[in-house]
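Down below is the structure, laid out as structure tokens.
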Number of protein chains: 2
Amino acid sequence: MSQEIREQPAVWERLLTQGRAGIDEVAARIEAGSPRFVLFAARGTSDNAALYAKYLVEILLQLPAGSVSPSTMTSYGSRPKLQDVLLISVSQSGGSPDLVKSVEVAKECGALTLAVTNSAQSPLARAAELHVDILAGPERAVAATKSYTAQLLALYLLIDRLAGGDASAAADLPSLGREVLTQENDVARHAARYRFAQRLVVTGRGYSSATAQEAALKLMETSYVSAQAFSGADFMHGPVAVIDQSVPVIAINAPGIGGDAMSDVLSRLNDENADVLCIGRESAANPAWPVLALPGRTPEQVSPILEILLLQELALHLAVERGADPDAPRGLRKVTETL
Amino acid sequence: MSQEIREQPAVWERLLTQGRAGIDEVAARIEAGSPRFVLFAARGTSDNAALYAKYLVEILLQLPAGSVSPSTMTSYGSRPKLQDVLLISVSQSGGSPDLVKSVEVAKECGALTLAVTNSAQSPLARAAELHVDILAGPERAVAATKSYTAQLLALYLLIDRLAGGDASAAADLPSLGREVLTQENDVARHAARYRFAQRLVVTGRGYSSATAQEAALKLMETSYVSAQAFSGADFMHGPVAVIDQSVPVIAINAPGIGGDAMSDVLSRLNDENADVLCIGRESAANPAWPVLALPGRTPEQVSPILEILLLQELALHLAVERGADPDAPRGLRKVTETL
């Protein structure tokens, strides 16, 4: 897991050079289809990548987007009317039967289908009309790391292209990523503090909602902590009641609109005397809270690709602190087959 | 809270009689607009009602559906292309500024807008072109109970009508609800067992995914337990690693397709020696697990309206066991204003 975390800037470089032509070609095919609605189908880590992409679609493409509940097509036999719909399935392995079935049904029902996977030979890649290969290379740790950020970057490159962009926001990611990874000793020190935490909350807004979800999943998978993720706004609508001194909070407070929109949440957490670690930058609500900083010049729409690096390292070091094996978490396999 | 839980069958009777004409009128207006996509906007408990309605739209109406991230319109200034879109906002109070703003923007962007609220005079009801009043009456406990099931029933009546149904599945709900509520002593006994649980998982599939989410929220709000909700399939994609003897699981295993699709999840939980309580019916994976039963003759599409009664009672009794005040949870107000 440690090696795959460190490999990420090189994976992004590959995608930014060798991956571009394929992505641009897929973008041209999608443009020809003029979709009016975008649906995502994914599970686990890939579903968190889909959540990031949903924000890109809503903000950059200005199209309505949603996430399908695969069981409606696989178990309930729904055959929805999907003309003008682009269905994007996201999966590292491309092997989960319920996603393959969802893509097959969506195609029959009139959707244009795209698979974003790390395996061009996978059943999912073959089932969809279009395919984007995230070129992350073989991933051996059960907890996905490099395939996650490769999914984010591939989806960014695709959607930015569809929105008429030139992907300039992504150009510096490899060097920014290397800079972020130099903070590993700091991250390890924070991980040690969570050694005995049973419960933990991660919160963020906007693009960073995906980071909160993925950080919580990594912490659950590798360290077995009951990590809960909430968008800042949803957190205030009830779950904030669980916060006390035994429940630390990790707040994604990166530079940008999403981070700015966290200010009410952070003030509230300060009122509750919560134990808060900020990812991104210092919070005006309490400048004494510790910070794992991100480079200030990161464009917000690609910030989640950097944010998660710190939280992948946190999950790794917390697992090691707890004597767990982050490469082979209890009860998990690399490919999860759900029906 | 106890009184409002017991009031629910009477609220449903009111909606089934006095509420029907208004709902049918709204359905006719929606039919005239011929929407091709349905979007939901909601927060907290109301977002769990929206999740139930999303399954109804996907399965009964066979239309694609999604959930908007309000911040894309309120903070990021997105102005999405929403022709042919029906935007349904769900809110007990109808008072949250971000939802009002989302409805206003959606209307400007071409969507047909509907508000489902417990207050016909609320800003949300006034902002939307169409309004369904859930007729739940004043709700005083901070933890929403009767307004939740009234939202579910109102959304069922509306979507079933749009799908050409006659709402016959809902006719017996008041009597079935009274039958379910007679199990309160049993529920209280189970609540006592969770007295010292810090963490808990609730899982369900299909329509019952909404029950899992809402049960977890009630347990967080009233008892401050870190309750996590997962759809059965998502649970297997990582979070199942957190399960050990200190993390009890509540599994929604109601009669129907969603319950049947839980069989793999339940077998896996049995392999892990998990502490499981089944809501609905016995599990073949382990017939020794305790069960809080639901009447076998409940049609699956309205089953979540009954399932949650048992879990509202569980949250209430657990709060009392813990010396908390379920009517006024720490750190929460009845109307949460997020921007």
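B/Gln228 contributes a side-chain N or O that, together with a main-chain N or O of A/Ala227, makes up a donor-acceptor pair within less than 3.5 Å.
A/Val68 is not listed as a side-chain neighbour of B/Pro64, based on a closest heavy-atom distance of 4.5 Å or more. B/Leu39 places a side-chain heavy atom less than 4.5 Å from the side chain of A/Phe37. You'll find the side chain of B/Arg330 reaches within 4.5 Å of the side chain of A/Asp244, heavy atoms only.
Counting heavy-atom pairs closer than 4.5 Å to chain A, the top-ranked of the candidates B/Asp47, B/Asp260, B/Leu332 is B/Leu332. Interface remark: of the candidates A/Ser78, A/Pro70, A/Ser46, A/Gly232, A/Ser78 forms the most heavy-atom pairs closer than 4.5 Å to chain B. If you tally non-hydrogen atom pairs under 4.5 Å between each of B/Ala143, B/Pro80, B/Ala65, B/Gly258 and chain A, the highest count goes to B/Pro80. Taking B/Val242, B/Leu51, B/Leu200 one by one and counting their heavy-atom pairs under 4.5 Å with chain A, the maximum is reached by B/Val242. Chain A forms more heavy-atom pairs under 4.5 Å with one residue of B/Asp84, B/Val85, B/Val265 than with any other, namely B/Asp84. Between chain A and the options B/Arg36, B/Met73, B/Met236, heavy-atom pairs under 4.5 Å are most frequent for B/Arg36. Most heavy-atom pairs under 4.5 Å with chain A, from the set B/Gly256, B/Pro329, B/Pro239: that is B/Pro239.
In this structure, chain B has heavy atoms under 4.5 Å from both the backbone and the side chain of A/Gln83. Contact of A/Ile59 with chain B is made through backbone and side chain together, with heavy-atom distances under 4.5 Å. For A/Leu217, the part lying under 4.5 angstrom from a heavy atom of chain B is the side chain only. Heavy atoms of A/Tyr207 lying under 4.5 Å from chain B belong to its backbone as well as its side chain. Neither the backbone nor the side chain of A/Leu219 has a heavy atom closer than 4.5 Å to any heavy atom of chain B. Contact annotation for A/Ser69: both backbone and side-chain heavy atoms come within less than 4.5 Å of a heavy atom of chain B. Contact annotation for A/Lys54: only side-chain heavy atoms (C-beta onward) come within less than 4.5 Å of a heavy atom of chain B. When heavy atoms are compared at a cutoff of 4.5 Å, A/Ala106 does not approach chain B at all. Residue contact with chain A, scored on non-hydrogen atoms closer than 4.5 Å, involves the side chain of B/Leu82 exclusively. Heavy-atom distances place the backbone of A/Val225, and not its side chain, under 4.5 Å from chain B. Neither the backbone nor the side chain of B/Ser209 comes within contact range of chain A; no heavy atoms are under 4.5 Å apart. Only the side chain of A/Glu272 comes within less than 4.5 Å of a heavy atom of chain B; its backbone N, CA, C and O stay farther away. Neither the backbone nor the side chain of A/Ser223 comes within contact range of chain B, judged by heavy atoms closer than 4.5 Å.
Counting non-hydrogen atoms of neighbouring residues, nucleotides and ligands closer than 6.0 angstrom, the NZ atom of B/Lys107 exceeds 12 such neighbours.
The shortest non-hydrogen separation linking B/Ser67 to A/Glu58 is O-OE2, 4.2 Å. Residues B/Gly44 and A/Asp234 approach most closely at N-OD1, 4.2 Å, considering heavy atoms. In this structure, A/Tyr55 and B/Thr72 approach most closely via the heavy-atom pair CD2-CG2, 3.6 Å. Smallest separation of non-hydrogen atoms from A/Ala261 and B/Ser75: CB-OG, 4.1 Å. Residues A/Lys81 and B/Leu61 share a closest heavy-atom pair of NZ-O, 3.1 Å. Smallest separation of non-hydrogen atoms from A/Tyr76 and B/Arg205: OH-O, 4.4 Å.
Taking SG from A/Cys109 and CD from B/Gln62, the interatomic distance works out to 7.5 Å, rounded to the nearest 0.5 Å. Of the inter-residue distances, the one linking B/Gln198 atom CD with A/Ser246 atom OG reads 6.0 Å to the nearest 0.5 angstrom.
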